[in-house]
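Inspection log for the structure reproduced underneath, given as C-alpha cells.
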Number of protein chains: 2
Amino acid sequence: MRQNEAPGASARLASFVAAVSWANVAAQSHEAKRSILNFFATALGSAHDPAVTSALRALSPFGGAATSAIIGRPERLDALGAAFVNAISANLLDFDDTHLDTIIHPAAPVAAPVLALSEARGYCGRDVITAFILGVDVECRIGNAVSPGHYARGWHITSTCGVFGAAAACARLLGLPADGIANAIGLAASQSAGIVENLPSAAKNVSVGNAARNGLFAALLAEQGYAAAPRAIEGTLGWARAMGDEPDLGRMLGDLGTSWEIAKNTYKPYPAGIVFHAVIDACFKLRARLDGRVDAIAAITVHGSALLLARGDRVVRNERDARVSIHHCAACALLLGLAGVPEFSEVAVVRPDIVDLRQKVTAALDASLPDGAARVDVQLRSGERLEETVMAARGSLADPLSDADIEAKLRACLRLGGADWDGQGVIDAVWRLDTLTELSGLMNAPRSHRSPEVIAL
Amino acid sequence: MRQNEAPGASARLASFVAAVSWANVAAQSHEAKRSILNFFATALGSAHDPAVTSALRALSPFGGAATSAIIGRPERLDALGAAFVNAISANLLDFDDTHLDTIIHPAAPVAAPVLALSEARGYCGRDVITAFILGVDVECRIGNAVSPGHYARGWHITSTCGVFGAAAACARLLGLPADGIANAIGLAASQSAGIVENLPSAAKNVSVGNAARNGLFAALLAEQGYAAAPRAIEGTLGWARAMGDEPDLGRMLGDLGTSWEIAKNTYKPYPAGIVFHAVIDACFKLRARLDGRVDAIAAITVHGSALLLARGDRVVRNERDARVSIHHCAACALLLGLAGVPEFSEVAVVRPDIVDLRQKVTAALDASLPDGAARVDVQLRSGERLEETVMAARGSLADPLSDADIEAKLRACLRLGGADWDGQGVIDAVWRLDTLTELSGLMNAPRSHRSPEVIAL
C-alpha cells in the first residue's frame, strides 16, 4: 500500500471511536465522572458571571427549540447555544480540569456539547460517559501530537484541540459510522481557532465556547453528509502544519484503547494557573510553621523553573493577573491560609494587607526544580529562615483530589456562584450517571423546581 | 509614547471604520454594487446545490426568528444562519469575486452577514454599501499584511481573513463606537479558521460560512460588551504570528481612506481558478482562427508561470479537478467555445470528446510569463501551428467585466441554479441599492410571490 493510501489520522481516530464499547471504557468511567463533576463545579461557580450573562443575551434571538439546560441558570437554549455557554462558564476561571502533558482543559469543550446534545436527543448516561471519554481521548491525543510547540506559538490549545474532541464525541453520540466520525473530525479542523494573545480578555471565552459549539456543529453537518479531506489534520496543507507543527502521529495514534488520556486528567484545588499550585501548597506548610507570625515576615523568595517565572513573575492589576501571579498566590496562602475563588477576586487584589505581603515576594530561578514544583523561603525580621519544597502539588497526578474533595469543590463553587441549583442532586446524579436512562434529573436541578422523586434519583 | 502604548491594529482599523461617512465611500459605491451583484449571481447559481440544502437541514432545528432570506430559496433563517448559508452558496463554485493581491474572495464572507443583519434590523441600502466597502477593506488589508505566506502555508485566506471583514462591517452596521468595533475585530481573531487541505471538500464551505457567521457573532458579542486583547492581530502571541507570519502593518494600515481594496476587486467570467482564465481566453482566440477544424488538432501546449503549472497540471477525476485543470479548460474552450458552469459539470468531465481533447494538452513552463498570463500553441496534423498569448485575462483589472457582463452572469447563474427568484428584480434593486430605505425588495425576490409593485422597485 502506498503511503498516501494508508488511512489518514482522522480515519484511524474515527475507527477507534466508532468501535469502542461500554465494556472497553467502563474502567475509565469513574475518572470520567470525576471530570464531569469537576466540570459541573466550575460551570456552577461561574453561572452568573457577567461574561455568561452577556453571551446568553447575545445568543437569545438566535436559538431554536430550547432543549438544553444552561448549567446553574433557569434559561435553556438549543443544543448549539447551550454547548457554547456551558463551555464558557466551565472554563471561565481556569478552575477546570487540566491534562498536564498539553495544558488542555479537556472537559469544557467536550462535556458541554455532549450533555447538551444528549438532553436534546434523549441519550442515556452510559452514552454520555462513553462519548466523553472518547472525546477527551481524541482532543488530548491531537494535542499531544503538536505539543509543546502549538501552545507556545500562540494557540489556545483548549480551544484549538477541544473542537476535535467535541466533534468526535458528538459524532459518536449521533451514532455516525466511522467515515461519518472521520468527516466530523476533518470538519473540526476547518473550525479550529483561538489565540493566546486574547486570553486576558473575553475573546478567550468565545474560542472555548466555539470549540464546544463548532465540534457539535461538525458532527451535525457530518450527519447531513458533509465530508472533509482525509488528511485534514496531517496533510501538507492541513491543520497541524498550517498551525506550525510537524504532527507526531505516533503520539496521536499510539496505544489507542490501551492508554487513555482521561486517566491523566487532574483537578485544581485552587483557581490559579496550574504551575502556581506548588507555590500555594508550600506557603500553606510555611503558614502552619509560622503559627500566626505573618507580620514578622521580612521577605519571601519563591524558587521555581523557568516556566513558573515566565508565567508568574508579574505586576498584579486585576483578577486575571492574580490567578497567574507568584506574588499573589504566595501572599494569600501565607496570610489567609486560603486560595479559593474569593482570594482571587477584585476585592482580594486591592486588599491592603495582601498588597503589602505581595510586595515582599521575589521570584528566583532554580533550574534544578521541575515544572510544577516550587521551593519557598521565608525570612523573618528576627533573621530566622523557614523553607518548604513541594514537588507534587495537591491535585496533581501524584496527589490527586479525592472524590470528596471534588464534591466539596462543587459545593463551594455553587455557594460562590449563587446558582439556584441543587448541588447534592448534581453530585448524586453524576456518581450514578452510568445508570441514568436520561438526563433530566442531572440537567434540570434547579433547587426550587425539583420534586422529591427527582431528588431521589 | 512607548511602542506598546501606541494604538493597536484593531483600534486603528476600528477608528477608520467608525469615522467614515457616506461621502467618503460614495465614489466606491458603484464598485460595491458590482461586487454585490456578482455575489447574488453566484449565490443564486448555487442556491439549490446539495451542500446548501444539507447546511440548511443541519441548521434548521437551531434557528431563531427567521428574519433573513436564504438567497434563491423560499426558506428564511435568523441572521446568523442566513449569513452562514448565503456565504456558502456565494463561494461554492469559486465563481465569486477575487482580490488578486491576496486571492481573497471578498464578497461572500462580508455581503452575506451584512445583508442578513440589515434585513433583521431594518438598515437601509446606504448602510449596506458603506458597511460592505469597509468590511472588504478590513478583510483585504489584513490579508495584505500576511500575504503571500499565509495562503501558501495552508490557510484558506477567504475564511481566515473574511471573518475580520464580517466583524468590522457588522459592528459598523450595529453603530458600535470605535472601541466596540475594535473589540469585534479582536473577537474575530479568536474565530479565524479554515485550511487549504480541506478545499476539495465540503469542509471548505464550513470555514467560509463560519467566517460570515462568526464575524457577525463577534459584532453581536461586542455589542453586549465582550472585549478582546488590543493586539489580538499583531501581538507576540496574536493572530498573525500564531498563523506563521510577521504581519506587515504598513500594508495593513497605509493610506486608509485614500486607497480602497474594493477598487481592486475582480469578477470571473468563467467558474474556474483565476489563473486558468488566460488559458481559456487564448483558446477562444485560437478556436476562432481554427474555424471548426478542432478535429485536426494533433497537440496543444499551454505555456505559463510556475504558479499556473503548480495549480493546474493535474489528472481530472471530478468537477473540482476540472475547475483547476489546464487540460480541461483548454479542451472546453477549444472544442465548445464555452467555459461556463455546464462546462465544469460532472457531465462535461466524462464527455468523450472533451476527454480526448484533454489528453492532447501538455503544460509547459515559461518563466518569462507573469502569473495570470498564458500562451497556447496548437499543432495541427497538417503541421500547421497556431499560437495565441493572453497577458490580461477577461475579468482582470486590465480587462474588467462590464456591468452588463455581470448582469448576464447573474441571469445565466439563475437559469442554471434553478432558483425561483426574479433576477431582473435583484439586478434593478442592486443598482438602486443606495436609494433603498429597506431591503425587502432585494431580499424577497421570489418570482411567484412578487407583486407588480415590488417588481416596480
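First the proteins, then the strands, lettered A, B, ... as listed; each starts at 1.
In terms of heavy-atom pairs under 4.5 Å with chain B, the best-connected choice from A/A228, A/A218, A/A189, A/P230 is A/A228. Counting heavy-atom pairs closer than 4.5 Å to chain B, the top-ranked of the candidates A/Q224, A/R57, A/H150 is A/Q224. With chain A as partner, the option from B/G238, B/A242, B/A65 having the largest number of non-hydrogen pairs under 4.5 angstrom is B/A242. Of the listed residues A/T160, A/N205, A/T67, the one with more heavy-atom pairs under 4.5 angstrom with chain B than any other is A/N205. Considering only heavy-atom pairs separated by less than 4.5 Å from chain B, the leading option among A/K204, A/Q191, A/H156 is A/Q191. By number of non-hydrogen pairs under 4.5 angstrom with chain A, the leading residue of B/A55, B/G244, B/G81, B/S60 is B/A55. With respect to chain B, the highest number of heavy-atom pairs below 4.5 Å among A/P50, A/A227, A/S207 belongs to A/A227. Contact count versus chain B (heavy atoms, under 4.5 Å) is highest, among A/A120, A/G225, A/S201, A/S190, for A/S190. When the candidates B/V206, B/T53, B/I195, B/D78 are compared by the number of heavy-atom contacts under 4.5 Å with chain A, B/I195 comes out ahead.
The backbone N or O of A/A47 lies less than 3.5 Å from a partner atom in the side chain of A/R73, making a donor-acceptor pair. Remark: side-chain polar atoms of B/E234 are not paired, donor with acceptor, to backbone N or O of B/L249 under 3.5 angstrom. Between the side chain of B/E75 and the main chain of B/I70, no donor-acceptor pair closer than 3.5 Å is present. B/R121 contributes no side-chain N or O that, together with a main-chain N or O of B/L174, makes up a donor-acceptor pair within less than 3.5 Å. Judged by distance alone, with hydrogens and angles left aside, the side-chain atoms of B/N214 form no donor-acceptor pair with the main-chain N or O of B/F217 at under 3.5 Å.
Residue contact with chain A, scored on non-hydrogen atoms closer than 4.5 Å, involves the backbone of B/P61 exclusively. With a 4.5 Å cut-off on non-hydrogen atoms, B/L77 does not touch chain A at all. With a 4.5 angstrom heavy-atom cutoff, B/S192 touches chain A only via backbone atoms. Proximity to chain B (any heavy atom under 4.5 Å) is shown, for A/A51, by both the backbone and the side chain. Of the atoms belonging to A/A222, not a single heavy atom falls under 4.5 Å from chain B. Of the atoms belonging to A/L199, not a single heavy atom falls under 4.5 Å from chain B. For B/A152, the part lying near chain A is the backbone, with the side chain staying farther off; criterion is any non-hydrogen pair under 4.5 Å. Heavy atoms of A/N198 lying under 4.5 Å from chain B belong to its backbone as well as its side chain. Residue contact with chain B, scored on non-hydrogen atoms closer than 4.5 Å, is absent for A/N183.
With a 4.5 Å cut-off on side-chain heavy atoms, A/E139 and A/T102 do not count as touching. Using a 4.5 Å cut-off on side-chain heavy atoms (C-beta onward), B/F164 and B/L13 make no contact. Between B/L80 and B/L216 the shortest side-chain heavy-atom distance falls below 4.5 Å.
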field: Working for side-chain contact (heavy atoms from CB on, under 4.5 Å), residues A/Y123 and A/L115
entry: CA-CA 9 Å; A/Y123 301 129; A/L115 291 167; over 6 Å; no
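Electrostatic pairing of B/E197 and A/R241 does not count as a salt bridge here, judged by no charged N lying under 4.0 Å from a carboxylate O.
Aromatic rings from B/F84 and B/F62 are positioned such that their centres are separated by 6.0 Å or more.
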